[in-house]
Student: 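Structure in structure tokens, see below.
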Number of protein chains: 2
Amino acid sequence: MQRVEHHASFGGRQEVWQHASATLGCDMKLGVYLPPAALAGERCPVLYWLSGLTCTEQNFITKAGAQPHAARHGLIVVAPDTSPRDPERTLGVADDDAYDLGQGAGFYVNATEPPWAAHYRMQDYVAEELPALVERSFGAGAQRGICGHSMGGHGALVTALRHPGRYRSVSAFAPIVAPSQVPWGRKAFGAYLGADAQAWKEWDAVELLRDARERLPLLVDQGADDEFLASQLRPELLRSACEAAGHPLQLRMQPGYDHSYYFVASFLADHFAHHAAALRG
Amino acid sequence: MQRVEHHASFGGRQEVWQHASATLGCDMKLGVYLPPAALAGERCPVLYWLSGLTCTEQNFITKAGAQPHAARHGLIVVAPDTSPRDPERTLGVADDDAYDLGQGAGFYVNATEPPWAAHYRMQDYVAEELPALVERSFGAGAQRGICGHSMGGHGALVTALRHPGRYRSVSAFAPIVAPSQVPWGRKAFGAYLGADAQAWKEWDAVELLRDARERLPLLVDQGADDEFLASQLRPELLRSACEAAGHPLQLRMQPGYDHSYYFVASFLADHFAHHAAALRG
């Protein structure tokens, strides 16, 4: 593991690390914010952040304004990249010219179909390898929260729902709540998981909510002027699924807000408070 | 004037505008944050932000986390680009392959030398055309503060010192305080202002402080681990100049901090408080 960036930030340290991922079969970068409490030796809880389409580990750490919240609440924040990578094109990591498939668009699933299955195992990476690495390398506690934006909101919901007991808190910004029913999800799932839509249900929050074994309260913010609201995000499907399952949901439609990090930054303090209450409460 | 971006942000709106600048002879973009108070019709004071080498109007508005402070204090924040631009290469705006000369490196001076003199009039743009445009177009008040980072910290100090009475408050992050004495400044001033170092004194904060007609208190934050500290920034020259002139200075050396926007974001709340006290007090 190699530290490739470090910056003092709000009394803590924003770092970027690179490591050889056994799960993904390539080098991966991750943003790690260490709050002042962690630098002082405390075993702090960890909030995992999953980013959206086209993002790397950089977008959240440079644009969301997360560090003051993490510093105040004493949370380590880990922001991985969104897919396996192959910058030198020497590892055979599959890719596609489209922004919404391949590198930068891993959708946090374990792919089963060629040419993706060899490297695209982002679910195992995020839910297994990454927490083990973080808890071993940064003196982090085992209290975990998970949050994300857009494709990463889908990732946060699905990862928490698939691993009852592993996360104490979950929230999302403008998540893709029903990938099986929208163009981004149908394209990605068709490629990564195959044509049989039955297999997609294990990776679809609205489907997983039906039989969830744990009822972690969901906090979801959604911009009412989000350009992807009606076509890709469809929060009404999440509301119906939660109502049908008796799953606690706070869905906040935010008038005037779009899909950008300006939206994320505007409501991030509330998400940190939500996670901190569960992780440190 | 044309609005090219707009995003709801912390109850206000982060916008980007493009306009034909008469001073610079090209189209220019600027970031404009309108706080909730401005959207409600109040004539809010304006804080001008001047960015550093290689920046456009985007860096500050995406990376500094300024919007919550601006919203809280009811300040409009205007972040112009750092030089004239000529993306289509049709206007004859001079440029240079180096990152520290030409486009992205205007140094907030009025150039006198060919090939720069025709377009590189950033001082007149920032101090004259821009405030007139902002006060006319956004219902802004005439209370002005000015702040900046690195080359933009130099710009903020020099612009305030050259225009007594025009700004009520000034501050800077890691400013180039004595461009005449450091490599970045000597290269840029030699090109823009000519070989005679006598002409540089009008554009050098340490020189201008000697005979300043106004004693606006300076707030300056400087990272103690800034990679440009000893070679380019030299805050001790600012301290000596202020002591010699009896000019009020709060210079804060911040242990561990570098030259990045992580540093700027960490101390920006204090700068907003400094400006708000003068602009709204």
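A, B, ... follow the sequence lines: proteins, then strands. Residue 1 opens every chain. Since the structure is predicted, the reported quantities are computational estimates derived from the model, not experimental observations.
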Student: Take atom NE2 in A:H6; do more than 12 heavy atoms of anything else shown fall under 6.0 Å from it?
Tutor: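 No.
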Student: Quick one: pull up CD in B:Q14 and CG in A:D258 and give me the separation to the nearest 0.5 Å.
Tutor: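 Going from the CD atom of B:Q14 to the CG atom of A:D258 covers 11.5 Å.
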Student: Distance from B:D225 atom CG to A:H7 atom NE2, nearest 0.5 Å?
Tutor: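 Interatomic distance, B:D225 CG to A:H7 NE2, rounded to 0.5 Å: 12.5 Å.
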Student: Side chain from CB out, backbone as N, CA, C, O: work out which of these in A:T62 comes under 4.5 Å of a heavy atom of chain B, or both, or neither.
Tutor: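 Both backbone and side chain of A:T62 come within 4.5 Å of chain B.
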Student: With rounding to the nearest 0.5 angstrom, report the CZ to OG distance, A:F263 to B:S9.
Tutor: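 Those atoms lie 12.0 Å apart.
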Student: What are the two closest heavy atoms between B:S266 and A:F10, and how far apart are they?
Tutor: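 Scanning both residues completely, I find the closest heavy atoms to be OG-N, 2.8 Å.
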Student: Between B:G223, B:A265, B:G65, which shows the greatest number of heavy-atom pairs under 4.5 Å with chain A?
Tutor: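 Winner by heavy-atom pair count: B:A265.
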Student: Answer with side chain, backbone, both or neither: which region of B:Y261 has an atom nearer than 4.5 Å to a non-hydrogen atom of chain A?
Tutor: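 Looking at B:Y261, nothing touches chain A.
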Student: Find out whether A:Q67 and B:Y262 are in side-chain contact, i.e. whether some heavy atom of one side chain is under 4.5 Å from a heavy atom of the other.
Tutor: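 Sidechains of B:Y262 and A:Q67: in contact.
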Student: Would you name the heavy atoms of B:G256 and A:A8 that are closest together and state the gap between them?
Tutor: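 Answer, listing the atom of B:G256 first, then A:A8: O-CB, 3.3 Å.
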